[in-house]
Amino acid sequence: MIVARFDQNCSSGATVCTRVFGDLNCGCWSTEQSELVNFVSLRRATLDLGSSGSLLKDIWSRHFQDAKKMIKYHRVRSLEEMLETEKAGLVERVYDLERQVLEHKDEIVCLKSTLADVLRRLATIDNSYENSTSGSGRGGTGTPASGGGVAGTGGHHAVSDNVSASAHNSLSSKSFRFSRNTLTRLNSTVEEKRFGRVPSRVTSSPSRMKPNLAQKAIHYSNGSLHSDSMSSHSISPAPSPSPRQPNATASANSHHALLASSGMGKRWSSTGDFVSTPGSPSGSGSNGGSMSRFSAKSLLNLSGNSSRQGQSHPYVQRKNDDDEYVKLYISGRPIVIHLPEAQLSTYEMTKVQPAPNRRLRLDWAYGYRGKDCRSNLYQLPTGEMVYFVAAVVILYNMDEHTQRHYLGHTDDVKSLAVHPNKLLVASGQCGGHEGRESLPHILIWNSVSLATLNVVGVGEFTGSINCISFSRADSGSILAAIDDSPDKIISIWDWQKKDGGRKITETKCSVDTVVAVEFHPLDKGQIITIGKNHIAFWSLDQNGMLYKRMGVFESFEKPKYVTAISFTQTGDVVTGDSSGNLAVWKRGTNVISRFLKKVHEGPVFTICALRNGGFVTGGKDGLLLLFDDALHMKADQIVEAHFGAVRVVAQGKGSQLLIGTTKNCILSGDFTLSLVPIVMGHTDILWSLATHPQVAQFVTGGRDRLLQLWDSLSHSVVWSKDIGEPIHSVQISNGGDVIVAGGVGGRWSVFDIVTRELLATYTDGAEVIQCMQFSPDGNLLAIGSKDNGIYIYQCTKVPHRFSKIGKCTGHSSFISHLDWSKDSQILRSNSGDYELLYWNPTLCRQITSQSTVKNLEWATQNCSVSFETIGIWPENFDGTDINSVCKDGEEQFLVCADDFGKIRLFSFPASQPKSLSHSYKGHSSHVTSVQFMHDGVRLLSAGGMDTSVLQWRVV
């Protein structure tokens, strides 16, 4: 018996002896070895032939070689198939791991944000407890506080959360000391990890703090302009930096100190709760009054050198002390204002009237900017949504119905981005009119403490910053910004660098409008921009160079605008365009891999990536469409037309969606329930504002033709009505039952305040109705027109019926303001050329005798040119710069609103040429109207072109 070979690879694990004449079916033969079986059979036949089989021997050799080759081929092929299968599986596993990493990352961010929210609430309770046990009242003299602090005079703590006294007393001081120590350690740990350095230590030693005031980590509240609590020894965060470039050492130290002192721990209701006091130690222990924290120059409403304080105001003149009048010069025109008899002997031109000892704090901001801004609505893990209107960034907690406000901007906020850690926020603004501070720039700030961490790009941008985005694949270390200048510049910033960040690179982005810029969530250094006629894929290399690849549409329809962008969980890019199409761009390429045509009728304005991998799209057609992760449509929802088209969609809690619209509304809901409005506002210039004389309501009207009644306690719209024409003036009757609204063409209408029904329409002249005012006794109504006349009406027993008495003529320009005397017998008016005239309303005749009117007391203070308002006019103001004034019911305060977006609070009357005031920002446009509510505690201001209404509280 001849042995052919031994096979050690049998699947049975036994050594098989394959004999030439034996059985070959051992169970280990595969299909690839069929050729070897044939060879063995041939070999058996050859041996049977003996020596005569030499020919077959050669055939046997060739068959043997062919069999070996065939076996090798089949093995290689099997290996290749196995590798391809493993590769596909590996790719799927990598994608799955990336998805899990992102999910875990989101969970970690949520936990960190929740921890930050808990810490700020602990700090709030801590400081509120200290407030309740401090025993120092408002306006008390300063006394040293424990731990090296100083109790300032009239100081107010800036925390706005209301906590009951019983809750305060139930907690021991030891537990609060623990919470503060824990808070400090946690803040230090978080900031050390975040910025790679340990924050500066806080010390109470005066000797250490004296050499460099910029190194101070804390300051003690000592009568802050914007503080809103009664604690006089609470530690407040260091002031946020203003948009300027300080020296390197001071900036670094103050930045470290800011992170150490504010961090994520202390909750602030507004950035106005802490103000910068350059040039003076913010933690000064002096026992001066609340005025000691502010220089005279900052509080004087006059510009110029403070050395002139002892001199006469050059725009107000009184030749002799015996003169019964002064001359107020506005735009070079002298206006004679007679002094009341009680003031003749005591009135001094050089006297400085102090600012009031109470201040304003922003309580609520009404409105939202969705008309012309994108990507401006986000949900934070702490439960707050963040959006903006005017120069205010709002953090609104829908569950608690509370707002906090970031007030670091000086002009219109145009863009918003949330850092991957969900705690930091970047907001960009357009340029203003007040020097370097109002240049376009980006502010990086903490959404918990509202402290400004950095001011990026001051002096580097020429247009407004309409798009910004944090990098996502590298934990948000860099920031991209689009300058809406003619060249449409894209710039990349290392925003964490001191002194305003470091510009890594910049280049021209496009010749046309750029709609959005986004970093790729998975690929480091990959940036996508979209806009008119383009989508561009940018690569940022390690040397800071940007390389651009334009998107190729190939055979697909090229849109006029690429209007929306998002990303799948695997890193593909999803875009929407102005034709209503959706396109999927494969990760790492610049070509379309999938195209969904005419998903919307009209432009796709937004694509929101959901946490489950699906998408929600919204467009100009008012439709919301829900897609799964394979872009198969699952559901739809319609937004009612009066709310506007869908501008932006953000995912809220669970399946909840937040929808911003083009008519400046924010809606909440999902695809199973109807959408409900949570924020509403005006869409065009807001001209008029009036408060209810008895309840906490007010009415607004503007060029958008909307007449809206608001509730100032619930901070909501009671009703809204399109009256069909622009509204220039509004007023509520003394009984609170009707609203009168003045429009164009001399028409004014009367509406029922409950049913909003139109009750009557009247016409006086052919010009715009500029202002309206009811007399204190409710019997007369004065209407000021652009035709230079004042129309007087008698009110009847029927609320909407008015009987015309006559017309007062004598002004040489349009009527701007009206006031009634307290006895309802005399009317005074201002005009566009700054005249101050007095009228007998029952006779419609002008009163020229000053002895009759100079001692009168006035029910309202709407006239900006009067004896009571001499001090509100700075030297450099034009006559048109002050738009509105008002006083509270108790005649303690006078408020004026100007063309620069400022609200200024004076003591009433502001009759001295040099009158000090507190100034507040929030509006980004000319403030058209200010009015106190009936309780005298809340103040309302209307923002003109920024379409916002801001509600302030006297604190």
Side-chain angles (χ1 to χ4, degrees), residues 87 90-109 112 193-196 375 378 415-426 428 442 444 453-454 456-457 467-482 489-497 501-507 509 514 516-530 534-552 562 565-575 584-591 593 607 609 611 613:
K87 181 179 179 181
L90 179 62
V91 171
E92 292 296 328
R93 288 196 295 273
V94 169
Y95 284 159
D96 188 60
L97 286 173
E98 287 180 339
R99 180 182 58 81
Q100 293 183 29
V101 167
L102 290 176
E103 290 178 355
H104 293 162
K105 188 175 181 180
D106 290 340
E107 292 176 0
I108 293 172
V109 167
K112 290 170 65 178
K193 291 180 178 179
R194 179 68 186 86
F195 291 92
S375 301
Y378 297 92
S415 53
L416 197 66
V418 176
H419 193 274
N421 67 11
K422 305 297 184 183
L423 293 178
L424 303 184
V425 178
I442 302 169
I444 313 294
L453 302 181
N454 210 346
V456 177
C467 308
I468 51 178
S469 177
F470 282 106
S471 58
R472 297 163 66 180
D474 60 354
S475 301
S477 61
I478 57 178
L479 180 77
I482 301 294
I489 301 297
I490 178 174
S491 55
I492 311 298
W493 296 83
D494 182 356
W495 62 269
Q496 298 177 79
K497 293 292 184 181
R502 179 179 68 88
K503 186 193 296 182
I504 298 173
T505 186
E506 68 174 12
T507 187
C509 182
V514 179
V517 57
E518 291 289 344
F519 277 90
H520 197 283
L522 302 177
D523 298 335
K524 185 177 180 179
Q526 300 300 306
I527 307 169
I528 299 95
T529 59
I530 59 173
H534 86 279
I535 174 173
F537 298 83
W538 303 79
S539 297
L540 179 67
D541 66 12
Q542 295 180 348
N543 297 321
M545 296 294 293
L546 276 174
Y547 300 93
K548 177 181 179 181
R549 290 183 301 160
M550 297 299 296
V552 179
V562 180
I565 183 173
S566 188
F567 301 90
T568 67
Q569 291 185 341
T570 58
D572 294 341
V573 181
V574 183
T575 60
V584 180
W585 307 74
K586 194 68 177 176
R587 178 179 176 180
T589 71
N590 63 335
V591 295
S593 62
I607 304 174
R611 287 185 284 270

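Residue indices begin at 1 and follow the sequence shown.
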Where [X] and [Y] come nearest, the two heavy atoms and their spacing:
| X | Y | result |
| --- | --- | --- |
| S491 | W493 | OG-NE1, 2.8 Å |
| F519 | R472 | O-CD, 3.7 Å |
| C467 | S415 | N-CB, 4.0 Å |
| T589 | F537 | O-CE2, 3.9 Å |
| L479 | A426 | CD1-CB, 4.4 Å |
| V514 | C509 | CG2-SG, 3.8 Å |

Handout entry: Donor on one side chain, acceptor on other, Q526 and S539, under 3.5 Å
Key = yes
Problem - Full working for side-chain contact (heavy atoms from CB on, under 4.5 Å) between I565 and I528 - result: CA-CA 9 Å; I565 183 173; I528 299 95; 3.4 Å; yes
Does any N or O in the side chain of [X] come within less than 3.5 Å of the main-chain N or O of [Y], such that one atom is a donor and the other an acceptor?
| X | Y | answer |
| --- | --- | --- |
| S469 | A480 | no |
| K524 | S471 | no |
| N590 | M550 | yes |
| N454 | V456 | no |
| H534 | A536 | no |
| H520 | G571 | yes |
| W585 | T575 | no |

Exercise for the section: Quick one: do I482 and I489 satisfy side-chain contact (heavy atoms from CB on, under 4.5 Å)? Show the steps, please. Expected result: CA-CA 6 Å; I482 301 294; I489 301 297; over 6 Å; no
If we only count heavy atoms from C-beta on, is the [X] to [Y] side-chain gap below 4.5 Å?
| X | Y | value |
| --- | --- | --- |
| T570 | L522 | no |
| L423 | V418 | no |
| I478 | L540 | yes |
| I490 | T529 | yes |
| W538 | T507 | yes |
| D523 | R587 | yes |

Handout entry: Atom pair CZ/CH2 of R502 and W495 - distance to nearest 0.5 Å
Key = 14.0 Å
Fill in the blank from the handout: Rounded to the nearest 0.5 angstrom, the OG-NE2 distance for S475 and H419 is 7.5 Å
Handout entry: More than 12 heavy atoms of other groups within 6.0 Å of M545 CE
Key = no
Practice task
Start with the C-alpha gap between F567 and I607, add the side-chain angles, then the distance that decides, and say whether side-chain contact (heavy atoms from CB on, under 4.5 Å) holds.
Solution key: CA-CA 9 Å; F567 301 90; I607 304 174; over 6 Å; no
Exercise for the section: Test side-chain contact (heavy atoms from CB on, under 4.5 Å) on V425 and L416 and set out the steps. Expected result: CA-CA 7 Å; V425 178; L416 197 66; 3.7 Å; yes
